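These notes concern the structure reproduced below.
Below, chains carry the letters A, B, ... as their sequence lines are ordered, and counting in each starts from 1. Just so it is clear, the model here is predicted, and its values are computed rather than measured.
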Amino acid sequence: MKTQLHQTFNHALSALQDQGIVPADLSPNFKIEHSRDKKFGDFACNLAMTIAKPAKRNPRELAQLIIDNLPADNSIDKLEIAGPGFINIFVKAESQSQIIDDIFAKGKDFGQQPDNGKKLQLEFVSANPTGPLHVGHGRGAAYGAALASLLKAAGWQVTREYYVNDAGRQMDILAASVWLRYLSLCGEPDDTFPSNGYKGDYVWDIAATLHRTEGDKYRHPIADVYSDMPADEPEGGDKELHIDALVNKAKTLLGEVDYKAVFDTGLDTIRDNIRDDLKAFGVEFDNWFSERSLAPQIEHSLKALAEGGHSYEKDGAIWFRSSDYGDEKDRVLVRDNGQGTYFASDIAYHHNKLERGYDKLINIWGADHHGYVPRVNAALQALGADNEKLSVLLVQFAILYRGTEKVQMSTRSGQFVTLKELREEVGSDAARFFYVMRKSEQHMDFDLELAKSQSNDNPVYYIQYAHARIASVMRQLEEKGLEWQRDAADLSLLNSEHEQSLLNHLGRYNETIQKAAAQYEPHQIAYYLKDLATGLHSYYNAHAWLVDEVELRNARLSLILACQQVFQNGLSLLGVSAPEKM
RNA sequence: GCGCCCGUAGCUCAGCUGGAUAGAGUGUUGGCCUCCGAAGCCAAAGGUCGUGAGUUCGAAUCUCGCCGGGCGCGCCA
């Protein structure tokens with residue numbers, strides 16, 4: 001409808017150019033917009049205002065000339081000039097109601113845009129497997145999953161990927177933490193635990209599993225573990241040195257094979273837990289990519305950088321010239337002790353993504369990583385990608401409150417609200433919707449008391465209720481021994497304000513998908529659905545649907561069934577269910 | 001100090017590639033169930049869009065300064 005009107009107005013523009021009223025070389029970027037208020041018609045065109053200056057005429061005068069030169073368009077009912085020079089377009093009721101059959105024809109695929117032939121990879125969550133997901137990860141999960149669905153609907157071929165940080169120091173610290181708990185379960189004295197170790201209960205759980213299945217196989221006297229150990233922080237030492245020494249001691253005492261067994265027990269348990277947790281949250285991935293599997297790729301990527309002249313040696317370390325590509329300074333790839341940095345792994349990972357042939361890469365990261373974005377972009381450019389290839393979308397933290405009290409969160413201290421807890425207390429639907437209602441880069445206050453105790457106030461129920469209400473009316477219809485027939489409907493009877501406004505809203509669904517996808521903003525879908533629900537509820541209260549007149553009843557039912565389909569399609573993008581009853 | 005994000009109604013937030021009288025939810029106040037689900041509807045009240053300049057026909061929206069809040073500035077991950 002919008003594009004059709006745009007063409008019509010373009011014709012008028014060329015006519016004015018032929019008459020020499022408007023400069024011929026002008027190609028103004030004018031818009032046809034949905035009017036914000038019904039009294040401004042269905043659409044508004046700002047063409048007259050955009051050409052006012054080059055044509056040296058006043059916009060209202062030009063608007064009249066445009067209208068005079070508009071070719072016949074039988075979907076247009078009436079045109080008005082308003083305000084500074086808007087042309088308000090009133091569309092005929094019949095052409096508005098076409099959308100209903102459009103929705104019926106496409107069903108679940110209504111809203112699906114044509115395949116754009118491009119492959120996109122979306123990496124999100126990617127939390128370290130050192131503990132269960134907490135509510136902070138939930139936002140990235142909900143946002144990422146919704147964005148993936150949205151981009152798919154916009155015509156992309158989407159791959160969802162989770163990058164598993166299963167290498168590196170934090171994992172070693174987890175392994176050491178598990179082992180120490182395990183030693184306690186074996187009966188070793190446990191009056192001490194490293195201040196920088198992982199203290200959550202889940203570590204005990206993993207240790208218990210290990211002890212149950214393997215008995216005392218990995219037991220060593222605790223005195224041996226703590227001999228020759230640099231002091232921990234509470235004793236006036238350095239907690240980092242202390243924990244690293246403990247990790248090394250674990251490796252020495254256990255030996256390579258046993259250490260790996262303990263390590264893998266921790267990793268596998270937590271990774272599986274994360275996967276199940278996300279699945280229960282309605283978030284699934286196409287690919288789980290292991291950092292450890294990157295080893296050969298790292299060499300390959302470092303070589304590629306070296307051959308391109310993008311790295312150099314200094315102070316015994318190997319550096320990447322990220323400053324050539326807009327980063328503040330160069331970054332270390334390989335430490336003077338010969339170990340690669342996390343950054344080197346990340347370069348290899350992104351290099352690997354490039355080599356997999358995606359047209360577009362999107363990463364969703366916590367906002368605390370924003371300082372890291374320039375160097376990753378620099379690496380991709382050094383490896384030959386253009387700087388539009390990767391978009392890093394930053395998700396701000398949800399600041400947790402219990403009432404007015406801020407909740408401090410730390411994985412290591414084990415003090416956090418898990419995603420699982422949230423899911424079980426407020427429900428997946430409410431949690432998914434709550435997260436995705438906010439723009440991702442907006443700081444968000446997440447009051448647990450509110451989310452838990454007043455979950456009925458969550459707008460998700462408002463939308464679900466609209467959907468269920470339609471289902472309920474259809475049940476009523478059946479109980480009356482009647483059935484809905486599209487052929488018996490006279491859609492031209494849908495001429496009340498409520499009906500016109502609903503039809504108009506349905507007509508915006510496709511462009512809402514396109515706009516939300518282009519801006520990576522699934523919250524636009526949430527707002528769209530909320531508005532549609534408002535329209536539906538108002539309509540319900542203003543008009544009875546199950547009326548006696550056959551043509552009118554079937555027309556109204558056609559309209560609400562079309563709405564129901566859009567509720568289903570939209571909610572499914574957000575990962576929220578559309579219940580028949582509540 | 002430098003960089004990024006944010007500041008809109010009592011509270012939580014939309015609106016931001018410039019457009020008409022700045023919106024919603026919640027909270028407050030008052031109405032609506034002999035009628036398809038009241039988890040709903042209708043109405044009222046509530047705003048110097050942090051602040052000061054600039055750009056122009058027009059600024060919540062763009063530019064700069066300032067104020068306030070969050071985050072980041074490692075051979076950590």
Flag the pair [X] / [Y] as yes when at least one side-chain heavy-atom distance between them is below 4.5 Å, and no otherwise.
X      : Y      : answer
A/M437 : A/Y527 : yes
A/E240 : A/N196 : yes
A/L506 : A/L532 : yes
A/L47  : A/I87  : no

In whole Å, I'd like the distance from the [atom1] atom of [X] to the [atom2] atom of [N].
X      : N     : atom1 : atom2 : value
A/Y372 : B/C71 : OH    : C1'   : 17 Å
A/D244 : B/C75 : CG    : P     : 16 Å
A/R375 : B/G74 : CZ    : P     : 8 Å
A/L333 : B/C76 : CG    : C1'   : 15 Å
A/K480 : B/C36 : NZ    : C1'   : 6 Å
A/R331 : B/A77 : CZ    : P     : 14 Å
A/R475 : B/G37 : CZ    : C1'   : 9 Å
A/I560 : B/G37 : CD1   : P     : 11 Å

remark   = Here the side chain to side chain donor-acceptor pair (under 3.5 Å) pairs for residues 428-439 of chain A, sequence neighbours left out, are A/D429-A/Q464, A/D429-A/S577
Please list every donor-acceptor pair under 3.5 Å in which a side-chain atom of residues 311-321 of chain A meets a protein atom from a residue at least two apart or in another chain.
| unit_1 | atom_1 | unit_2 | atom_2 | d |
| --- | --- | --- | --- | --- |
| A/Y312 | OH | A/D330 | OD2 | 2.6 |
| A/W319 | NE1 | A/K314 | O | 3.1 |
| A/R321 | NE | A/G309 | O | 3.4 |

Give a yes/no answer on whether the side chain of [X] brings an N or O atom under 4.0 Å of OP1 or OP2 in [N].
X      : N     : value
A/Q476 : B/G37 : yes
A/Y540 : B/A38 : yes
A/R553 : B/C36 : no
A/Y465 : B/C41 : no
A/K329 : B/C75 : yes
A/T341 : B/C76 : no
A/R60  : B/A20 : no

Sequence neighbours left out, what passes salt bridge (charged side-chain N to carboxylate O under 4.0 Å, His left out) with [X]? Give chain and number order.
X      : result
A/K78  : A/E80
A/D346 : none
A/D238 : none
A/K251 : A/D172

Quantified in whole Å, what is the [atom1] atom distance between nucleotide [N] and nucleotide [M]?
N     : M     : atom1 : result
B/G40 : B/C5  : C1'   : 38 Å
B/U55 : B/A9  : C1'   : 30 Å
B/G27 : B/U12 : P     : 15 Å
B/G69 : B/U26 : P     : 32 Å
B/A43 : B/C6  : C1'   : 35 Å
B/G18 : B/G25 : P     : 28 Å
B/G15 : B/G23 : P     : 15 Å
B/C66 : B/C4  : P     : 14 Å

key: Heavy atoms of other groups near A/E478 CD, more than 12 under 6.0 Å   = no
task = Spell out, as yes or no, whether a donor-acceptor pair under 3.5 Å connects the side chain of A/N554 to the backbone of A/Q485.
result = yes
task = For the pair A/T341 (side chain) and A/V332 (backbone), establish whether a donor and an acceptor sit closer than 3.5 Å, ignoring hydrogens and angles.
result = yes
task = Please tell me which of the listed nucleotides, B/A39, B/C41, B/G37, lies nearest to the side chain of A/R469?
result = B/G37
Selected nucleotide, minimal atom distance to A/N128 side chain, candidates B/C71, B/A77, B/C75 = B/A77
All N/O contacts under 3.5 Å from nucleotides 31-34 of chain B to the protein, with atom names and distances to one decimal?
none

key: Sequence neighbours excluded, every pair satisfying salt bridge (Lys or Arg N to Asp or Glu O under 4.0 Å) that has a member inside residues 529-557 of chain A   = A/E499-A/R556
A/W365 and A/F124 aromatic centres sub-6.0 Å = no
request  = Please check if the distance between the ring centroids of A/Y528 and A/Y509 is under 6.0 Å.
outcome  = yes
request  = Could you pull out all residues at least two apart from A/A245 that satisfy side-chain contact (heavy atoms from CB on, under 4.5 Å)?
outcome  = A/M229, A/P230
Stems where RNA chain B pairs, listed by first number, each of three or more Watson-Crick or G-U pairs under 3.5 Å = B:1-7 with B:67-73, B:10-13 with B:23-26, B:28-32 with B:40-44, B:50-54 with B:62-66
Should the side chain of [X] and the base of [N] be counted as holding a donor-acceptor pair, with the cut-off at 3.5 Å?
X      : N     : value
A/N88  : B/A20 : yes
A/H369 : B/G72 : no
A/H370 : B/C71 : yes

request  = Between protein and nucleotides 6-17 of chain B, map the contacts as a letter string: B base, S sugar-phosphate only, - none, heavy atoms under 4.0 Å, written 5' to 3'.
outcome  = S-----SSSS--
message = Heavy-atom nearest nucleotide on RNA chain B for A/N165 versus A/H543: which residue maps closer to 5'?
response = A/H543
ask   = Between A/W545 and A/L394, which has a closest nucleotide on RNA chain B that is more 5'?
value = A/L394
inquiry  = Within 90° of 0 counts as syn, otherwise anti: where does B/C11 fall?
reply    = anti
Pairwise N/O distances under 3.5 Å, protein to nucleotides 57-62 of chain B:
| unit_1 | atom_1 | unit_2 | atom_2 | d |
| --- | --- | --- | --- | --- |
| B/C57 | OP1 | A/K53 | NZ | 3.0 |

key: Face-to-face contact A/F86 to B/A20 six-ring, under 5.5 Å, under 30°   = yes
